[in-house]
Visitor: 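Quick one: the structure is below, and I'll ask about it shortly.
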Amino acid sequence: MILFVQPHQFYEGDALFLLLRHLLAFLPQMKKDNKIIITIDGWSSCGKSTLAKELAAALDYVYVDSGAMYRAITLYFLRNHVDWSHEDAVHEALENISLEFVYNPAHKQSEMHLNGENVEYVIRDLVVAEKVSEVAAIAEVRKFAVAQQQRMGHSKGIIMDGRDIGTVVFPQAELKIFMTADNAVRVERRFQELYAKNPNVSLEEVKNNLELRDYIDSHREVSPLRKADDAIVLDNTRLTHKEQFQKALKLAQQKISGQ
Ligand code: DC
């Protein structure tokens with residue numbers, strides 16, 4: 001209708017007319033910038049972070065590895081001998097923790113910094129992996145991490161992976177993916193990853209750690225790992241890397257274009 005109105009008819013409404021014209025000019029851009037929130041939850045070592053990173057790069061979205069936050073908190077607790085069975089000790093420790101994702105242009109990725117130190121690699125050690133599920137089950141730790149995660153999603157255009165992202169952190173997310181794969185496949189993948197860094201690691205050790213983490217993560221009282229009712233299951237046991245990525249990208253593009 002606006003197309004049939006002549007500018008000279010807007011003697012009193014010049015400002016309104018200009019505003020409408022301005023909005024019309026921006027419509028295509030607004031459509032293009034229709035950013036959404038994508039959550040990827042699932043069991044340990046089923047490739048959540050690999051997929052999330054690839055999707056973020058393809059869509060020019062921000063990728064956030066929420067597990068890195070729980071790992072960094074665990075590292076702080078271990079280094080500082082925090083007795084996490086005591087609420088006061090946890091409370092005091094959290095007051096001294098500052099977490100930040102800092103982009104590393106050399107590695108083309110955001111890396112976890114704990115109180116200004118880059119801990120991206122040390123938080124992947126088995127020593128941290130052995131305790132992280134215990135620490136991540138503490139209500140105050142989750143409150144601390146979730147508040148920061150929710151702030152990161154304010155302007156959308158974000159992909160976050162974890163265990164409770166679609167259920168607790170962003171229950172309103174436009175696209176929720178729940179990833180899974182057979183246990184044996186996950187153990188083998190994780191083993192290969194750790195073995196490359198430390199040839200002393202055994203398959204048995206990796207298997208035990210994975211099973212224990214999955215058990216604790218899905219049985220804890222606060223925000224246990226579970227599939228959100230509206231999440232789409234992506235089982236990658238028999239999918240190639242490329243097939244998995246293409247499936248997820250298609251889902252994301254459909255949501256972004258409003259289908
Ligand atoms: O994704 P990851 O393996 O790096 O996660 C490490 C641990 O952190 C995992 O055992 C469970 C916990 N975690 C969590 O409880 N909630 C999240 N949103 C992400 C991770």
Side-chain angles (χ1 to χ4, degrees), residues 37-53 56 63-78 84 90 94 97 99 101 109-112 114 119-153 158-171 173 176-181 183 185-187 189-194 197 201 205-228 231 234 236:
I37 295 181
I38 302 176
T39 66
I40 304 186
D41 289 302
W43 305 99
S44 295
S45 301
C46 52
K48 298 184 298 293
S49 63
T50 308
L51 176 65
K53 272 182 211 165
Y63 162 60
V64 178
D65 170 5
S66 70
M69 300 172 75
Y70 293 102
R71 285 172 181 267
I73 296 169
T74 305
L75 178 68
Y76 181 92
F77 283 10
L78 288 170
W84 58 78
V90 169
L94 290 174
I97 293 179
L99 302 178
F101 285 100
Q109 63 174 12
S110 288
E111 297 181 343
M112 173 47 64
L114 164 65
V119 293
E120 179 65 28
Y121 300 96
V122 61
I123 58 173
R124 312 286 160 194
D125 280 356
L126 207 49
V127 190
V128 173
E130 271 168 6
K131 297 292 173 199
V132 65
S133 285
E134 242 179 78
V135 171
I138 302 168
E140 194 165 351
V141 167
R142 299 205 73 80
K143 209 168 127 195
F144 175 85
V146 169
Q148 298 185 35
Q149 291 156 6
Q150 287 175 332
R151 276 198 294 276
M152 293 178 211
I158 190 170
I159 304 184
M160 194 177 288
D161 77 335
R163 306 294 187 286
D164 61 338
I165 312 303
T167 51
V168 175
V169 182
F170 298 124
K176 300 179 185 176
I177 296 177
F178 188 86
M179 282 181 71
T180 184
N183 270 19
V185 172
R186 295 192 291 123
V187 170
R189 283 182 194 154
R190 187 78 187 128
F191 172 70
Q192 294 299 343
E193 220 176 277
L194 287 173
K197 288 187 222 156
V201 76
E205 234 179 325
V206 173
K207 182 173 177 284
N208 291 342
N209 176 251
L210 207 88
E211 286 172 356
L212 183 66
R213 279 207 288 148
D214 282 349
Y215 182 84
I216 302 178
D217 293 343
S218 53
H219 286 79
R220 67 182 173 224
E221 244 171 74
V222 201
S223 322
L225 165 67
R226 66 171 183 80
K227 183 184 101 56
L234 189 58
N236 64 20

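Just so you know, these numbers come straight off a predicted model, no measurement behind them. First listed ligand is number 1; within each ligand, the first listed atom is number 1.
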Visitor: Evaluate the side-chain proximity of S45 to L210: yes if any heavy-atom separation is below 4.5 Å, no if none is.
Guide: yes
Visitor: Please list, in number order, the atoms of ligand 1 under 4.0 Å from a heavy atom of Y70.
Guide: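 It comes down to these atoms of ligand 1: 8 (O), 13 (N), 14 (C), 16 (N), 17 (C), 18 (N), 19 (C), 20 (C).
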Visitor: Between S44 and D217, is any pair of side-chain heavy atoms under 4.5 Å apart?
Guide: yes
Visitor: Yes or no: does R142 have any heavy atom under 4.0 Å from an atom of ligand 1?
Guide: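 It does; at least one heavy atom falls under 4.0 Å.
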Visitor: Quick check: do L126 and L194 have side-chain heavy atoms less than 4.5 Å from each other?
Guide: yes
Visitor: Does ligand 1 have any atom that is closer than 4.0 Å to a heavy atom of R220?
Guide: yes
Visitor: Closer than 4.0 Å to some heavy atom of A136 - which atoms of ligand 1 meet that?
Guide: 12 (C), 15 (O)
Visitor: Heavy-atom pairs closer than 4.0 Å: do any link ligand 1 to the side chain of R71, the backbone, both, or neither?
Guide: side chain
Visitor: Nearest 0.5 Å please: distance from the CG atom of D65 over to the CD atom of Q109.
Guide: 9.5 Å
Visitor: Counting only nitrogen or oxygen atoms and a 3.5 angstrom limit, does D164 reach ligand 1?
Guide: yes
Visitor: Do you see a donor-acceptor pair shorter than 3.5 Å between the side chains of Y121 and E111?
Guide: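 Their side chains do contain a donor-acceptor pair, which is all the 3.5 Å distance test asks for.
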Visitor: Hey, which atoms in ligand 1 end up nearer than 4.0 Å to a heavy atom of G162?
Guide: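 Answer for ligand 1: 17 (C), 18 (N), 19 (C).
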Visitor: If you measure only the distance, is there a donor-acceptor pair under 3.5 Å linking the side chains of R189 and N236?
Guide: yes
Visitor: So if I count the atoms of ligand 1 from 1 in the order they appear, which ones are less than 4.0 Å from some heavy atom of D217?
Guide: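 Every atom of ligand 1 under 4.0 Å from some heavy atom of D217: 9 (C), 10 (O), 11 (C).
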Visitor: Counting heavy atoms only, which of R190, K131, R163 is nearest atom 1 (O) of ligand 1?
Guide: R163
Visitor: Any side-chain heavy atom of V141 within less than 4.5 Å of one from W84?
Guide: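 Of all side-chain heavy-atom pairs linking W84 with V141, none is under 4.5 Å.
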Visitor: Does ligand 1 have a heavy atom under 4.0 Å from the side chain of I165, from its backbone, from both, or from neither?
Guide: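 Looking at I165 and ligand 1, just side chain atoms fall under 4.0 Å.
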Visitor: Any N/O of R213 closer than 3.5 Å to an N/O of ligand 1?
Guide: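 Such a contact does occur with ligand 1.
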Visitor: Could you tell me whether some N/O pair between S66 and ligand 1 is separated by less than 3.5 angstrom?
Guide: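 Yes; at least one N/O pair falls below 3.5 Å.
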Visitor: Scan V222, L225, T39, V146 and name whichever one has a side chain to side chain contact (heavy atoms under 4.5 Å, CB included) with D164.
Guide: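 Between D164 and the candidates, side chain to side chain contact (heavy atoms under 4.5 Å, CB included) is satisfied uniquely by V146.
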Visitor: Is any side-chain heavy atom of L114 closer than 4.5 Å to one of I123?
Guide: no
Visitor: Is it the case that ligand 1 has an N or O less than 3.5 angstrom from some N or O of S133?
Guide: yes
